[in-house]
Amino acid sequence: MEERLLISMIHCFFIAFGVIVGGAFLGSLGSLLTGEPPYTSMVRIAKSLRIWAIVAAIGGTFDTIARFEKGILDGSTFDLFKQIMLIISAMGGVKAALLFFEWILQEDIT
């Protein structure tokens, strides 16, 4: 059964947020064990996980491309709109996670 759009957007937001926060925290733990500075590693890992968090949140790239194709070629505009909104929601989750790290680390992440 198809979920409502708003529920899917909330899921995408928090999945992307969780990928960034969890990956950066656990990655910095690995840096701490190897003797590297964990805060610097946390920022570096959070930056490098951005695109992967979006891909994980929308459920992979091939499904999204297939839905874009269906939306464009078959005239199913709702599928196209839904995928665009899910990507925007995932991007919002990534941005919120980066802002969270800026707040925690008191460091500017660009």
Side-chain angles (χ1 to χ4, degrees):
M1 187 170 177
E2 190 70 25
E3 293 180 350
R4 294 190 327 239
L5 179 60
L6 184 61
I7 292 171
S8 297
M9 286 176 59
I10 292 170
H11 287 166
C12 279
F13 179 89
F14 283 105
I15 289 170
F17 185 87
V19 168
I20 296 288
V21 171
F25 276 135
L26 292 177
S28 69
L29 179 64
S31 296
L32 182 67
L33 293 175
T34 59
E36 297 175 15
Y39 289 145
T40 307
S41 297
M42 199 178 291
V43 171
R44 181 182 45 83
I45 292 167
K47 285 182 186 178
S48 67
L49 284 177
R50 287 185 287 198
I51 191 69
W52 295 108
I54 294 169
V55 170
I58 61 174
T61 56
F62 294 115
D63 186 43
T64 302
I65 292 171
R67 289 189 185 200
F68 270 121
E69 178 186 15
K70 181 180 177 185
I72 293 171
L73 298 179
D74 293 343
S76 177
T77 56
F78 183 71
D79 285 334
L80 188 63
F81 175 73
K82 183 177 179 180
Q83 289 304 310
I84 290 170
M85 293 306 293
L86 292 178
I87 291 170
I88 290 171
S89 175
M91 291 171 86
V94 168
K95 183 63 177 175
L98 292 176
L99 289 173
F100 175 73
F101 279 117
E102 282 184 16
W103 178 63
I104 293 262
L105 303 175
Q106 296 296 311
E107 190 171 322
D108 187 34
I109 300 174
T110 56

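Computed from a predicted structure; not experimentally measured.
Taking both residues in full, the closest heavy atoms of S41 and E36 are given as OG-OE1, 3.7 Å, listed atom of the first, atom of the second, then distance. Across all their heavy atoms, S89 and I10 have their closest contact at OG-N, 4.5 Å. The minimum heavy-atom distance between V94 and A16, with the atom names listed, is CG2-CB, 4.0 Å. Summarising the geometry of V19 relative to L49, their closest heavy-atom pair is O-CD1, 3.8 Å, with the distance given to 0.1 Å. Counting all heavy atoms, side chain and backbone alike, M9 lies closest to L86 at N-CD2, 3.7 Å.
Distance check, rounded to the nearest 0.5 Å: OG1 of T40 to CD1 of I45 gives 10.5 Å. If you take CG on L98 and CZ on F17, they are separated by 9.5 Å, rounding to the nearest 0.5 Å. The distance from the NZ atom of K82 to the CD1 atom of I87 is 12.5 Å, given to the nearest 0.5 Å. Expressed to the nearest 0.5 Å, how far OG1 of T34 lies from CG of L29 amounts to 9.5 Å. In this structure, the separation between CD1 on I58 and CE on M91 is 10.5 Å, given to the nearest 0.5 Å. Separating the OG atom in S8 from the CE atom in M85 is a distance of 11.5 Å, to the nearest 0.5 Å.
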request  = Carefully, step by step, assess F101 and I20 under the rule side chain to side chain contact (heavy atoms under 4.5 Å, CB included).
outcome  = CA-CA 10 Å; F101 279 117; I20 296 288; 4.0 Å; yes
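Hydrophobic cluster membership is shared by W103 and M42, with clusters built from Ile, Leu, Val, Met, Phe, Trp and Tyr side chains linked at under 4.5 angstrom. Criterion: ILVMFWY side-chain heavy atoms under 4.5 Å apart, direct or through other members. Under it, I84 and L5 are part of a common hydrophobic cluster. Residues L80 and L73 are members of one and the same hydrophobic cluster, defined by side-chain heavy-atom contacts under 4.5 angstrom among Ile, Leu, Val, Met, Phe, Trp and Tyr. When the side chains of ILVMFWY residues are joined at heavy-atom separations under 4.5 Å, either directly or via intervening members, V43 and I104 end up in a single hydrophobic cluster. The hydrophobic cluster containing I54 does not contain I15, counting ILVMFWY residues as joined when their side-chain heavy atoms lie under 4.5 angstrom apart, directly or transitively.
When the side-chain hydrogen bond (donor to acceptor under 3.5 Å, both in side chains) test is applied to S28, no partner is found at least two apart in sequence or on another chain.
Environment of CZ in F14: sparse, with no more than 12 heavy atoms of neighbouring residues, nucleotides or ligands closer than 6.0 Å.
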